[in-house]
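All ligand and atom numbering here is 1-based and tracks the order in the structure.
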Amino acid sequence: MELRNQIEAIAIEAGKIMLSADSIQAATDEKSGHANFVTKYDKKVQEFLFAALARVLPEASFVGEEEGAESFREEYRKGYAFVIDPIDGTTNFIKAYRPSVTSIGLLLDGKPFIGVVYNPYQGIMYSAERGKGSYRNGIRIHSSEEPLARSIFSMGTAPYYEELTARSFKIAEKYLHRTIDMRRSGTAAWDLCLLATGITGLYYELKLGLWDFTAGAVIAEEAGCVLTDIDGNPLTYDGPSSVLAVSSGVARENYLPEE
Ligand code: IPD
């Protein structure tokens, strides 16, 4: 079985743990930052993923949200490194506001190589491998060719960083006037998949962990999207970053936020 398919199979198993969850509120703790929660299921899914993925690729290193790897280590730049968000959309998970997804990115020599994002609530699997295209439940996907003015956009509110709220919403106001409307899904990985499928035309968030965007970035880029930080600089995949991602159609315009 190809590596990407093996990772997909593991993501489906992780999804079963998410679907089995009950009494989530009671199993929730608060992390540092504003309203930043972790449940016992985030930890359980991460433990499962680390063990299962290590069997597939024993030489890989691991970056996981729930081990708190805020700083990037040099070892992630060499060979394989899994970058994992066991449950992206933890607040959605706690509140039963769907979806929440498992997000598994794989870096090869520090560059995005494979991305798998699985939504167990709807049984939707997005996956991509560099140079081989992007797929939704096995069917090739492409981003939208429509211009910004005929697109909806999504944004993440960078909820854990209150110092970014004013700038986040200033940019949202600008894009609201340049597009049809705005959406907020509650998971960055899913936002990137919606962009990759041609549902939205632009997505941005002012600060994300590497685990929030690595898998979705491979899926979006392989579907024709262009990803940078919010100022238009290339993403470096070496720690937290802002992300501005656009469809192939929007990429032909001057789409940077006017601030
Ligand atoms: C969060 C989600 C959310 C985004 C936050 C992320 P988490 O991830 O992706 O959409 O706005 O910035 O941290 O904490 O649910 O894994």
Is the contact between [X] and ligand 1 made by the side chain, the backbone, both, or neither, using heavy atoms and a 4.0 Å cut-off?
X: R184; value: side chain
X: D88; value: both
X: T90; value: both
X: W211; value: neither

Worksheet item: Is there a heavy atom of N92 sitting under 4.0 angstrom from any atom of ligand 1?
Response: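 In this structure, N92 fails to qualify as a contact of ligand 1 - no heavy atom is under 4.0 Å.
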Discussion item. Under 4.0 Å, counting heavy atoms only: does Y160 come that close to any atom of ligand 1?
Written reply: yes
Discussion item. Within the 3.5 Å criterion, strictly below it, is a donor on R183 or S154 matched to an acceptor on the partner's side chain?
Written reply: no
Discussion item. I'd like to know if the side chain of S185 pairs up with that of D191 as donor and acceptor (distance under 3.5 Å, no hydrogens or angles considered).
Written reply: yes
Worksheet item: Of D229, T236, D231, which meets side chain to side chain donor-acceptor pair (under 3.5 Å) against N233?
Response: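 Passing option: D229.
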For [X], take its heavy atoms, then give the atoms of ligand 1 lying under 4.0 Å from any of them.
X: D85; answer: 16 (O)
X: P159; answer: 5 (C), 11 (O), 12 (O)
X: I87; answer: 16 (O)

Worksheet item: Cation-pi between R130 and F113: NZ/CZ under 6.0 Å from ring centre and within 45° of the ring axis?
Response: no
Worksheet item: Of the listed options (S185, G186, G209), which comes nearest to atom 2 (C) of ligand 1 when hydrogens are ignored and any heavy atom counts?
Response: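 Selected option, by shortest heavy-atom distance: G186.
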Polar contacts were defined as any N/O atom of the residue lying under 3.5 Å from an N/O atom of the ligand; does this apply to [X] and ligand 1?
X: G89; answer: yes
X: A188; answer: yes
X: E205; answer: yes
X: D191; answer: no

Item to complete: Find out if a path of hydrophobic residues (ILVMFWY) with successive side-chain heavy-atom gaps under 4.5 Å connects V56 to F50.
Response: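 Yes, one cluster joins them.
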Worksheet item: In terms of hydrophobic clusters joined by side-chain contacts under 4.5 Å, are I84 and L108 together?
Response: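 Same hydrophobic cluster.
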Worksheet item: Are R4 and E8 close enough for a salt bridge, meaning some N to O gap below 4.0 Å?
Response: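 Judged by the 4.0 Å cut-off on N to carboxylate O distance, R4 and E8 do form a salt bridge.
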Worksheet item: So Y204 and Y175, ring-ring contact (aromatic ring centres under 6.0 Å, His included) or not? Walk me through it.
Response: CA-CA 10 Å; Y204 76 92; Y175 280 135; 5.7 Å; yes
Worksheet entry | Sub-6.0 Å ring centroid separation between Y237 and F213 | yes
